[in-house]
Structure formats: C-alpha cells, structure tokens
Amino acid sequence: MDGGQTGWRGHDTTRERALFVLSFRQCDELGSLLSRAGWRVVSARRADGIRQRVAASGSAIAVVDARGSIEEGIAATAELARVASHGDALLVLVSKGDAGRLGAVFDAGATHFLVSPIAEDELIHAIRFAERHVTRMGGGWHDPLTGGGALLGWRHDARRDVVQLTPALAEATGLPESLPPRALLRHVGRDGRRTALAAIRRLETATPATAFAHDLAGLGRVVQHVARDAHSGRLHALVEPLARIGDIGAVVRDALGSVRDLPGAIRWLDRRIAAGDAPVVRVLAVGGVDPVNRQQGRAVGDALLRAVERRFERTMRETGIARAAVARLGGTEFAVLIPRAADRDPADALSEALARPFVAGTAMVALTLRQASATAQSGEGGGALIRRVQALLPGARAGDPDRPVAPDDAQRLAADIARAIEQGEIAILFQPQVGMHDGRIVGVEALARWRHGRDGELGAELLFDAATRAGLAGRLSAHVQAEALRIAAGWPDALSHLRLSVNVTAEDVAQIDFADQLLARADATGFPRDRLTVEITENGLIAELGEAAGLLARLRAAKCRVAIDDFGTGYSSLAYLKALPLDYLKIDRRLAQDIVGSPRDRVVVRGVIDMARSLGLAVIAEGVETVDQRDALAAEGCELYQGFLCAEPLEVPALVALIGGG
C-alpha cells in the first residue's frame, strides 16, 4: 500500500480483507482459521523485518499472538506501534498467565487485546471490531524506512529557539517547516495558546508527558501529545487529528458491546429510532433467583445473574444477528436489543441457553424464562417500547417491586424539575471513598436525591433523565454542584480532611466556559480547589473528547483532580485515555463485583487495573458490597473503594458519626 494511506478505501475487496498475523507458536493454526473466516492472511512466525512486512501486507490490522511468548510479543508490538498511522488497529493475544503484563502491552502501543482462553468466535468478532475501528478512524500502516508515512508533529530546538515541523504538518497547516515558537502559538488561536502553555507548564513541574486538545487551521480539532526528552530537554509532539474519527462516541459504543443497563438500553434504542430504524426489543424475565437470594445470600444471587447475562450475551453472538446488544433492565429482567427485524428469531436459542443449569454458590439451580418481544412503532421512544414489551410478558403484573421505575415516569416528572430546584427538593448525600488497606475514609462523592412530594425519594438516574427531557439538565447539574460545594464548605472539623467529588455531565462539557464556572462556584463557597475532584462519565467524556481534554486540562491546572467515572466492561479500545489528563479511574460496579466471579472475570478486572496504573492513574472501585470483593480488588492493586460495605450515601450528621466512630 502507499505509505500512510489506508487499505480500507474504494472497492478493492481483496485489500479490504487483508490481515497481518504474527504468531510465534500457532502461526499455521491462526492463519488457517482466519482464512476460513474470509480474510486474506499474511502471516509470520518471526519478528524480523516486521515493519516492512506489515506495510507490504496491505492491511491496517495487525494481530500479534503473544501467547507463550509475552516478551517477544511486547517487543513486536512496540516495533509496530512506531510506524502505525492514526486509526490503525493492533490486536494482541495474551495468555491467561500473562494477564498481569497487560499494562506493558498497552504501553507498547496495542489498541485492542484478548486474554486466553480465546474461542474462535471471540477472535473473529474481535477482528471485526478492529475492522470497524479502522474504517471509522482512517488507518493505514506505513513504514518511514521505505519513504512512506505522513507523520504530523514538531520539535522545539531550545538552543536556536525555533520549532521544526514535520513536512506533513507544514503542508497541512501552510506553515514553514521552521519558525519561532511565538509564530506557531499565534497560529493556534487564543484558546489553543492558553491550553498549550498550560500543558507545557505541567511538563516543567509534574510529568514528562501530557496531551491537550485544540483547533488547528488546516486540520480541525486535534490532540497534541507532548513529551520532554529526558536527555536533550527538547519538546517533541505528535499531532493527532480528531476530525478523521467522526462520531467518537459511536466508535467506542460499538466497541463496548453490551449496553449493560436500563438507561443505556433506552439511549441505544432512541439513537436507532432517530436514525430511521425500527429496532426490536425482546424482554427476558428470569425466574428462580429469589430462592437463591434467601438461602445463600444476595451476593450469590447477584453472581448468578451475572452468569445469566454472560450466557445471554454468548448466545446472541452465536446467533450471528448483527449488532445485537444485551442489557440488564433491573431486578431479574434483561433485554435483547436488535437494530431491526432479523431473519433469525433468537427466542428458542435463548430458552435453550437458560435451560442448562447454573452453579450458584454450593448448589446447582435451574432457572425459568418468560419472554416477549415487539418492534418499535411510529413515534414510540425507547423507554415506551421497553415498557410495552414488559407488559406483554406472560403473567406480567403492575406494581412489581423488582421492576425498574417505568421509563415514562421520567417524562411525567419532567414538568416538576424546575419546581424541585426552586423549592429545595434536591437533597445532596455523600458516599465515603475508603482506602483499601487502612480503611480510612479519604473522600466522598456527592450524590443527588429527589425528595418528591408525591413519589417519595427518587434516585439520580431518574432525576437527570427527567431534567434532560425538560431541557434543564445543565441547570440541574449546576445546582447539584453548587449545593455540594456549599455544604462541603461548611463541614465540621471532623470532615475537614476529606476530598469532595462532584459529577460533570455531557451537557457541562459542551459549555465552553464550564471550567471557569465550576471554579467560580468553588471559590464563592470557599471550598479549596485542591480538595475538589471532578468526575466525568465515560459516556460524557467520549461524546465530546476534544472539548473534554481541554476542560480537564484547565481544571487540573487549577489544582483540581479528575476522575473518569463508571469505566465500563467488555472488549474496547482504550487508546483514547492517553489523550486525557486524568488522576483517577473509577471502575464500574459490575466490573468491580466481577472480581469474585470466575477466574476469567478476575483476569479482565486485573487487566483494567494494570492498564490504569501503567498510565499513572489511581483506581477506585464502585459498588463494593462484600469483604471478599474488597480484598480481591486490593490484591490486584486497587487503592480506594466506595459502596455499601462501608456505607450507603449519607447526610452530613451520619457521615460525621461514621468517621467519629472509625
């Protein structure tokens, strides 16, 4: 292929299905399997000349099979990463016993990974995900040694006080290849200049590498990855254009697979309805879990439900229905979401999957299944569709206490949001964040509760869903942040050492001046900036990656800390984390609770923790409910946790009593 150009354009189907595979021990087996699956495989058993060979293969996807050869695999990954274009995919296969080296695999430059045992269908689907990654992000391997490539970057020569641009960057921006630093700063505009200078100051005082996002004429939105050479002291930068990626949120959502919960299912359906699709929802009600909860405890029952979810997910993969997703709606109800009517009905396959017994604690249990399905009707939203299918379930009844709050309630409650804010119905509670090893409470997360006059206490998810429908999500978020800061500023001495974490929404990120607004709120109350942590969800972070990078950089420059919240599970590309200035990674409660599941579950959790730590991030586990979960997470390197094992969200007097009693 031409240097720096993708093998995924036009109608050359042979080039579109090219795949490079390096396997030190199973080259023939992998090549045969993937050839049968439809790829034109170029394979190698040795890493000699790897850069030239992958460039000549015509593939934008490389698979490095490091099973049984982890050090050689990491070295080959690093070699390939040196010549990978923006958007190329580098999938590394790792033995279960080497899962602890996932951090090194990530540092070497891998964009995707799988941990053995790896089923054939898992490998095939992983490469299909990588294909979509390449298609959307415009990748194409190149080899600078053979003259290819279009590297975008620059270097600052402090001795001559000039910035040297790579030819590709000079051509894209219309700038000379050598120019004074001030001329380059003028080119990035006022906002970009402020962000760039703040990032460079961080290099001087904190870390040897950082990243920031801004608009750059000729390229659009970019992320600049800047590092200071430890020997020469020079600044080097790689410029990553974001405009090529398109909908970053869509890329990551597709890679993450399972939708996981009710709000996610509603968003999934609403997106496809808005795109003109007629999605199908199949609701699955599982019976037989309550006796397990009563006889062996809720922890065993929850583990059983996670096993049910995994079996549903595997069954849907095996049916071959494209882009189907599985979500747990709440209680013992699940949903299968299908973008449009499929040729195959998964009902029988799902029934057969649940017919096989499960191991629950010390017992074998048989579960039952009720299911119903429907297709979205004209004008029907995702929430209404789910509720309609729930009503179609055999034996369905109104008022089921295990059923999640009806989605339509958010629409009904939307009219009450403004009054709730004005009349003080929004309460702020604080859930402790606890050190894994010493049990010391070091911080709290501020959580909103709606004390509704008619419906009682309602949770944050329903509260923000209703606010979004009312067009008041930004106002609600600002109110919750201001109230949390006001209360925390007046904490008694017993709480004066605690950090305060407040949540930031996608609507907040979209505001150009949000960082200044939040800092002004903190300053107005007197709460110290250096004890404030900003938590932003994975969804809000990814949807506006460029804006988020600049926002988080400004907050960190103001001495705040930053956490990515609800970090999800599943097969995903984690490379975007490199572009964001973060301090903490909070792993989702489902992922944290999986630590005491199967050995495979623990391997995945360990891999996520190792990668976070390799990026210098502290790890906080959410939803920790048992001593076994806490101890297993601590053993894997998790520093902090929050969850019912310590306390539910508390009002200030109860929080003071808890700390005083510690």
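For reference, positions follow the sequence shown, starting with 1.
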| field | Residues in side-chain contact (heavy atoms from CB on, under 4.5 Å) contact with Arg340, at least two apart in sequence or another chain | value | Asp277
| said: How close do Ala99 and Arg606 get, counting heavy atoms only, and between which atoms? | reply: CB-NH1, 4.4 Å
| said: Using the side chain to side chain donor-acceptor pair (under 3.5 Å) definition, which of the options Ser116, Ser43, Ser23, Ser95 pairs with Asp65? | reply: Ser23
| Does the pair Arg282 and Asp345 meet the rule for a side-chain contact (heavy atoms from CB on, under 4.5 Å), with working shown? | CA-CA 10 Å; Arg282 177 169 291 276; Asp345 187 340; 3.2 Å; yes
| Minimum heavy-atom separation for Ala349 to Thr319, with atom names? | CB-CG2, 4.2 Å
| request: Sort out for me which residue in Leu114, Ile70, Thr77 forms a side chain to side chain contact (heavy atoms under 4.5 Å, CB included) with Val92. | output: Thr77
| said: Restricting to non-hydrogen atoms, name the atom on His125 and the atom on Arg317 that form the minimum distance, rounded to 0.1 Å. | reply: NE2-O, 3.9 Å
| query | Is there a donor-acceptor contact under 3.5 Å linking the side chains of Trp154 and Glu177? | reply | no
| task | Start with the C-alpha distance between Asp98 and Val105, add both sets of side-chain angles, then the distance that settles side-chain contact (heavy atoms from CB on, under 4.5 Å), and finish with yes or no. | result | CA-CA 10 Å; Asp98 291 323; Val105 171; over 6 Å; no
| Glu309 bridged to Arg328 by N-O distance under 4.0 Å | no
| query | Stepwise, does the side-chain contact (heavy atoms from CB on, under 4.5 Å) test hold for Leu354 with Thr315? | reply | CA-CA 10 Å; Leu354 208 68; Thr315 299; over 6 Å; no
| message | Check whether Arg311 reaches the backbone of Arg356 with its side chain - one donor and one acceptor, N or O, closer than 3.5 Å. | response | yes
| query | Which atom names give the shortest non-hydrogen contact between Gly109 and Leu90, and what distance separates them? | reply | O-CD2, 4.0 Å
| note | Looking only at heavy atoms, the pair that brings Cys638 and Val619 closest together is SG-O, 3.4 Å
| field | Closest approach of Met611 to Leu102 (non-hydrogen atoms, all atoms of both residues) | value | CG-O, 3.8 Å
| query | Any donor and acceptor pair, going by atom type alone, linking the side chain of Gln371 with main-chain N or O of Ala347 inside 3.5 Å? | reply | yes
